[in-house]
K.L.:
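Here's a structure for you.
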Amino acid sequence: MATKAEKGKDGGDSSLAKKKSRRPQYSRFSQQELPACKPILSPGWVVSIFFTIGIVFIPIGFAALFASERVVEIKFQYDQDCVPAKYKNDMVAYIQSNDTDKTCTRKMPAVSATMKSPIYVYYQIDHYFQNHRRYVKSRNDEQLRGDQNNTADCAPERFANNGQAIVPCGLVAWSLFNDTYKFSVKNKTVEVSKKDITWKSDREKKFSSKVYPKNFQAGGLIGGGKLNSSIPLSGQEDLIVWMRTAALPNFRKLYGRIEEDLEAHDQITIELQNNYNTYSFKGTKSVILSTASWIGGKNDLMGIAYLTIGGTCLFLAICFILMYVLKPRPLGDTSYLSWNRNASGGGLRRLNLSS
């Protein structure tokens, strides 16, 4: 028999072990014993789910493709076409020179079908990496919202030659797109509206109505367009559109809207100022006129994706039906599942979806 000392020692060891135990306090939550549904997907349910997805997705895909086909779009790439012949071998010198005439008048492709207003005018730039980390970070949102002297993170475009803060600062604003477009049809000018081409939340919350451009593009190296110093940042809609940086290297941004219809076979004449330098990085520039549908602009990808997923689900449903008919496999007894065997202790609720 153990002595009292041994018993006391054993009791002390057991109490010490109990104190050092890392076992969590028992609860039905920690042991995953709360009531739960455990669906058992039988062949009937699997086939029904695939059929439902296919029946729903395929009509949506056709509707999206039909809507995309109804969008009328005209695209005109002008970066090469608007360079004089003598500068074809040195286009960078042409675009950087202040003595060369940047005005370019060309005929756009004829309107293929009637374009109902509003007609959206976009500019598209390819091979321009607006998503580069150093480029995206070179801006100060606090300054845009009202703190005019805050130029943190705006390097290298923080201060002008006079030592004062640049407003708006940073490379994103400095590289503002500055090509301009004028359109005419049958010698009649087609007006382009730039009102409300930005998000309302951007105009009201991200760009202050009390901050005005200051010392912008006043340095020795001019990056892009200039801003009217008498208009607050909230009214500089071209800037606001540009400051919403693109995620991909090929992107298009809204330039304006045409609030009148264009008839089929109309010949559009465009007079543009080819100011923006995309030649240094071998980029391209295009102007696009496009109508819109309920899915936006012309985009077949959404319809193709829905049709692909819907068709795949229908194909799998048919395959499962054939497998079930030709080589049926009996279902197991669900009463042997762990949550059904221990239903009284575990508290799991059985949901049998077998057919």
K.L.:
Look only at the side chain of E237 and the backbone of I197, and say whether a donor-acceptor pair between them is shorter than 3.5 Å.
P.N.:
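It does hold such a pair.
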K.L.:
Hydrophobic clustering (ILVMFWY, side-chain heavy atoms < 4.5 Å, transitive) - are V47 and V325 grouped together?
P.N.:
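In one cluster: yes.
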K.L.:
Look at the rings of Y94 and Y87 and say which category their plane angle falls in: under 30° parallel, 30 to 60° tilted, over 60° perpendicular.
P.N.:
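If you compare the ring of Y94 with that of Y87, the planes turn out tilted.
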K.L.:
Are there over 12 heavy-atom neighbours, none belonging to K210, within less than 6.0 Å of that residue's NZ?
P.N.:
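Counting neighbours around NZ of K210, 12 or fewer heavy atoms of other residues, nucleotides or ligands fall under 6.0 Å, so no.
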K.L.:
Out of the candidates Y123, F177, F281, Y279, only one should pair with Y128 under the ring pair (Phe, Tyr, Trp, His ring centres under 6.0 Å) rule; please name it.
P.N.:
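Among the candidates, only F281 passes.
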K.L.:
Going by the side-chain hydrogen bond (donor to acceptor under 3.5 Å, both in side chains) test, which pairs reach into residues 51-77, not counting sequence neighbours?
P.N.:
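Residue pairs passing side-chain hydrogen bond (donor to acceptor under 3.5 Å, both in side chains), neighbours aside: S68-D300, E73-R252, Q77-D79.
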K.L.:
Specify the closest pair of heavy atoms between T269 and K107, including all atoms of both residues, with the distance to one decimal.
P.N.:
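Closest pair (atom of T269, atom of K107, distance): OG1-NZ, 3.0 Å.
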K.L.:
Does this structure show an ion pair linking R139 with D141, if we count only N-O contacts that are shorter than 4.0 Å?
P.N.:
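Yes.
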K.L.:
Any donor and acceptor pair, going by atom type alone, linking the side chain of Q143 with main-chain N or O of I166 inside 3.5 Å?
P.N.:
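Judged by distance alone, yes, a pair lies under 3.5 Å.
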K.L.:
Mind listing the closest non-hydrogen atom pair of K285 and N275 along with its distance?
P.N.:
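Closest pair (atom of K285, atom of N275, distance): NZ-N, 4.4 Å.
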K.L.:
Tell me whether N89 at atom CG has more than 12 heavy atoms from other residues, nucleotides or ligands lying less than 6.0 Å away.
P.N.:
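No - once you tally the heavy atoms of other residues, nucleotides and ligands closer than 6.0 Å, there are 12 at most.
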K.L.:
Transitively linked via ILVMFWY side-chain contacts under 4.5 Å: V136 with F251?
P.N.:
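No.
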K.L.:
Between T284 and T278, is there a side-chain heavy-atom distance shorter than 4.5 Å?
P.N.:
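Not in contact.
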K.L.:
Hey, are the side chains of V111 and E263 touching, using non-hydrogen atoms and a 4.5 Å cut-off?
P.N.:
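No. Closest side-chain heavy atoms not under 4.5 Å.
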K.L.:
State, with a plain yes or no, whether a side-chain heavy atom of D153 is found less than 4.5 Å away from one of R158.
P.N.:
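Side chain of D153 against side chain of R158, heavy atoms only: no contact under 4.5 Å found.
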K.L.:
Taking atom types as modelled, is there a side-chain donor on T100 or K102 under 3.5 Å from an acceptor on the other?
P.N.:
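Yes, because at least one side-chain N or O of T100 sits under 3.5 Å from a partner of the opposite role on K102.
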K.L.:
Kindly work out whether a path of hydrophobic side-chain contacts (I/L/V/M/F/W/Y, heavy atoms less than 4.5 Å apart) joins I231 to L176.
P.N.:
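Unlinked, I231 and L176 end up in two clusters.
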K.L.:
Would you say the ring centroid of W242 lies under 6.0 angstrom from that of F207?
P.N.:
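They do not qualify: ring centres at least 6.0 Å apart.
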K.L.:
Pairs in or reaching into residues 152-184: which pass disulfide bond (SG atoms under 2.5 Å apart), with residues at least two apart or in two chains?
P.N.:
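Residue pairs with at least one partner in residues 152-184: C154-C169.
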K.L.:
May I ask you to test the F76-D81 pair for a side-chain heavy-atom distance under 4.5 Å?
P.N.:
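In contact.
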K.L.:
What distance separates S193 OG from I119 CD1, expressed to the nearest 0.5 Å?
P.N.:
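Those atoms lie 13.0 Å apart.
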K.L.:
From L254 CG over to T198 OG1, what is the distance, rounded to the nearest 0.5 angstrom?
P.N.:
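Going from the CG atom of L254 to the OG1 atom of T198 covers 9.0 Å.
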K.L.:
Apply side chain to side chain contact (heavy atoms under 4.5 Å, CB included) to residues K186 and D266 and explain how you reach the verdict.
P.N.:
CA-CA 8 Å; K186 299 175 182 178; D266 278 349; 3.8 Å; yes
K.L.:
Using 30° and 60° as the class limits, which term best fits the ring planes of Y78 and Y181: parallel, tilted or perpendicular?
P.N.:
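Y78 and Y181: perpendicular rings.
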K.L.:
Identify the two heavy atoms, one from S290 and one from V71, that lie closest to each other, and give their separation to 0.1 Å.
P.N.:
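Reported closest heavy-atom pair: OG-CG1, 3.6 Å.
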K.L.:
Should we count CZ of F129 as having more than 12 external heavy atoms under 6.0 Å?
P.N.:
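Yes, CZ of F129 has more than 12 neighbouring heavy atoms, counting only those of other groups under 6.0 Å.
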K.L.:
Restricting to non-hydrogen atoms, name the atom on F50 and the atom on A317 that form the minimum distance, rounded to 0.1 Å.
P.N.:
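Nearest heavy atoms, F50 then A317: CB-CB, 3.8 Å.
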K.L.:
Measure across N277 and S280 and return the closest heavy-atom pair with its distance rounded to 0.1 Å.
P.N.:
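The pair with the smallest heavy-atom distance is ND2-OG, 2.8 Å.
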K.L.:
Identify, with sequence neighbours excluded, every residue that meets disulfide bond (SG atoms under 2.5 Å apart) alongside C104.
P.N.:
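Only C82 meet the disulfide bond (SG atoms under 2.5 Å apart) criterion with C104.
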K.L.:
Could you tell me whether F29 atom CZ has more than 12 heavy atoms of other residues or ligands within 6.0 Å of it?
P.N.:
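Counting neighbours around CZ of F29, 12 or fewer heavy atoms of other residues, nucleotides or ligands fall under 6.0 Å, so no.
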K.L.:
Taking D238 as the fixed residue, which of R244, K195, K194 is the one that meets the salt bridge (Lys or Arg N to Asp or Glu O under 4.0 Å) rule?
P.N.:
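Of the listed options, the one satisfying the test is K194.
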K.L.:
Where is the tightest heavy-atom contact between L262 and I268, given as atom of each residue plus distance?
P.N.:
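In terms of heavy atoms, the two residues are closest at CD1-CD1, 3.7 Å.
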K.L.:
Is the ring pair F57/Y306 parallel, tilted or perpendicular, if the boundaries are 30 and 60 degrees?
P.N.:
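Answer is tilted, since the angle falls between 30° and 60°.
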K.L.:
Indicate yes or no: at least one non-hydrogen side-chain atom of I74 is less than 4.5 angstrom from one of M115.
P.N.:
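They are in side-chain contact.
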